[in-house]
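Predicted model, so just to flag it, every value in this text is computed and none were measured. All values below come from the heavy atoms of this structure, side chains included, with hydrogens, waters and symmetry mates left out.
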Amino acid sequence: YARQFRSLFDLVDRAAPPFIEELDYEFEARNQQEFAELISKCDLVSDTVQVPEVVRASREVLIQEWLPGKKLTEPGAAKDQAEQVVKVLLNSYMVQLLETGFL
């Protein structure tokens, strides 16, 4: 990827804007709300994917609803339901990529 640019400045000019957008939490909050709306309309994942509600957002801070649960990295968290977890992860990723445009 980096080799296609003539200089480090060209690379930074191309790569910097998405990073700066990621640090704009008002922008991220709007994306999260739009994503939640799109996911809620998708029958394939609407029952299994939960998007936290945005409580408050500013350019510097994003506060989201707390969703209880286990991290998949916790020992035994997905072992009992491994097949279902894989199915949900694959379905939700494909919906994000192909239907919502959000990744």
A.B. asks: When you look at Y93 and L89, which way does the side chain to side chain contact (heavy atoms under 4.5 Å, CB included) test go after all the steps?
C.D. replies: CA-CA 6 Å; Y93 184 77; L89 287 172; over 6 Å; no

A.B. asks: With a 6.0 Å cut-off (strictly less than), is the heavy-atom count around CD of E65, excluding the residue itself, greater than 12?
C.D. replies: yes

A.B. asks: May I have the step-by-step check of side chain to side chain contact (heavy atoms under 4.5 Å, CB included) for C42 and E99, ending in yes or no?
C.D. replies: CA-CA 9 Å; C42 181; E99 290 192 29; 3.7 Å; yes

A.B. asks: When you check the gap from the basic side-chain N to the acidic O, do E34 and R30 get nearer than 4.0 Å?
C.D. replies: no

A.B. asks: Using the side chain to side chain contact (heavy atoms under 4.5 Å, CB included) rule, take V45 and I39 through it: C-alpha gap first, then chi angles, then the decisive distance, then the call.
C.D. replies: CA-CA 7 Å; V45 294; I39 284 292; 3.9 Å; yes

A.B. asks: Under the side chain to side chain contact (heavy atoms under 4.5 Å, CB included) criterion, do D10 and S7 qualify, and how do the steps go?
C.D. replies: CA-CA 5 Å; D10 290 339; S7 72; 3.6 Å; yes

A.B. asks: Please report the interatomic distance CD(E26) to CD(E28), rounded to the nearest 0.5 Å.
C.D. replies: 11.5 Å

A.B. asks: With a 4.5 Å cut-off on side-chain heavy-atom distances among I, L, V, M, F, W and Y, is there a chain of contacts connecting F27 to Y25?
C.D. replies: no

A.B. asks: To the nearest 0.5 Å, tell me how far T48 OG1 sits from K87 NZ.
C.D. replies: 9.0 Å

A.B. asks: Roughly how far, to the nearest 0.5 Å, is the CG atom of L62 from the CG atom of L23?
C.D. replies: 12.0 Å

A.B. asks: For residues L44 and L90: do they belong to one hydrophobic cluster (side chain heavy atoms under 4.5 Å, members Ile, Leu, Val, Met, Phe, Trp, Tyr)?
C.D. replies: no

A.B. asks: Donor-acceptor pairs under 3.5 angstrom involving side-chain atoms of residues 49-58: please list them, not counting sequence neighbours.
C.D. replies:
from: S58; atom 1: OG; to: E60; atom 2: N; distance (Å): 3.3
from: S58; atom 1: OG; to: V61; atom 2: N; distance (Å): 3.2

